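Along the sequence shown, residues carry numbers from 1. Order of listing sets the numbers, starting from 1, for every ligand and every atom in it. On a predicted model such as this, the values are computed, not experimentally measured, just so you know.
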Amino acid sequence: MTITERDYSLAGPENQHAVDRGLSNAAWWRPPVDEDRLAELMARTNGRAARDTALWLALIVGLGVLGVVTWGSWWALPVFIAYGALYGGASDSRWHECGHGTAFRTDRVNTIVYYLASFMLWREPTLWRWSHYRHHTDTIIVGRDAEIVFPRPPKVRSLPLTFLHIVNAPRMLWRMIRHALGDIDADARDFIPESEHRRLIREDRIFVVVLAASAALSVVLWTPLPALLVGLPTIYGGWLVVFFGITQHAGLQEDVLDHRLNTRTVYMNPVFRFLYSNMNYHIEHHIFPAVPYHALPALHDEIKEYLAPALPSTTAAYRELLSAMRRQEHDTTYEIPDRGIPDIDSALPRPIDVGPIVPVESGTGRRVDLGAVTDVSVGQVRRVDLGEDTYALYRLGIDDVVLSDGLCTHGQAHLAEGHILDCTIECPKHNGRFDLRTGEPVRKPVKEPLHVYPCEVVDGRIVADLAVREDA
Ligand code: FES
């Protein structure tokens, strides 16, 4: 029996320990995927998410009305159970997808749904946005990831309380109230930039006021209905968040840089997949967060040969995670074996073919020939390495080419693995975006601009001027 209690807080010593071991902001394993196919999978539309969101909201409104109509009879019980599950449960995956900005092509709609779902979940929008960036940077790295649900040793016997959401939800509400009062805790300060604190406080105040208004209306009208419709569903419907969410990482490895070891993909039925927005393909989502939820099954087909076989059902996932957690209760070093991951030793970041780089003005090193324009398809981005430096080359139109620095200014992600959306490049790691004309950040978490270089097509060749960078 080995019980080692670690400090999972972000303000404790494990944070620096993870950094010292190279586990923070590290390069993660990813499988090879054909670039054109990946670009197809990352494509955004509004239609699919509009249909799914409209159905979800229509069900909530319909059940809410039905709940009011049937109030006072036993029929109201199943109606409110279903209402709560859709309001306080299915909102989780909508929150998640819209937070990544991948659900809708129109990012403003992502933002609206993100805020609505945040309210339904009692999640502070700014806090959770930044917490989730960190979760993707340092997934299940102790001391770095604020979204580790089951610190070791896990308390299996308290799982029913987790499902009932009666411990976590009040904790989240209390944290929101404290933040609304300007008291931001140390963990939150670790991953939320100071420039975002005012926004955090302002949003939390609005959420607290609306929740208080719902509670006050219940008191004034002397009926629980207002609170049952707005506010309390977060608690009595929260079981669905736990039911799906627990399958993602519970019982799997900590402190590894391979999502196949710390994340689960589970085959689920179509109803579950609607409620959960395909997040059961969770390994795929973590490796390629720029792929929208509706394309995850297709992505799974592309890469499954590199993964362990997916768990065949939700029941199988629970069997695996409960068995692991029971053992970890008494032995915190216990790990589930590699679950049949093929050829795990080849788990290295994929190399990218950068193609030939030819200086145009030999000796000056200023203007460089990056190859025939026809070598890059319209709408495609390619990585270009020149000596120690790395760049990203975009072809936006027939003769419209752009060259930028290759690494995202927020982290170490190669933008050439990202997604061109209109005239922006979306980073593959946290879905931050840059305007490709100006290099200015247009979507969080990026805050620093990207350097964009003069680049043109001359006699069918792409020629870039790197002087600005060399002069810098
Ligand atoms: S590394 Fe975070 S948005 Fe690019």
Geometric class of the Phe243/Tyr318 ring pair [parallel <30°, tilted 30-60°, perpendicular >60°]: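 Taking Phe243 first and then Tyr318, their aromatic rings lie parallel (interplane angle under 30°).
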Thr374: partners by side-chain contact (heavy atoms from CB on, under 4.5 Å), with sequence neighbours left out: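 Here the qualifying residues are Ala372.
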side-chain contact (heavy atoms from CB on, under 4.5 Å) partners for Arg178, two or more places apart: Trp174, Asp183, Asp185
Protein N/O/S atoms closer than 2.8 Å to atom 4 (Fe) of ligand 1: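 Protein N/O/S atoms under 2.8 Å of atom 4 (Fe) of ligand 1: Cys408 SG, Cys427 SG.
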Those residues that, when tested against Thr247, pass side chain to side chain donor-acceptor pair (under 3.5 Å) (two or more places apart): none
Short N-O contact, Asp255 and Arg21, less than 4.0 angstrom: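 Looking at Asp255 and Arg21, the cut-off is met.
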Donor on one side chain, acceptor on other, His282 and Arg264, under 3.5 Å: no
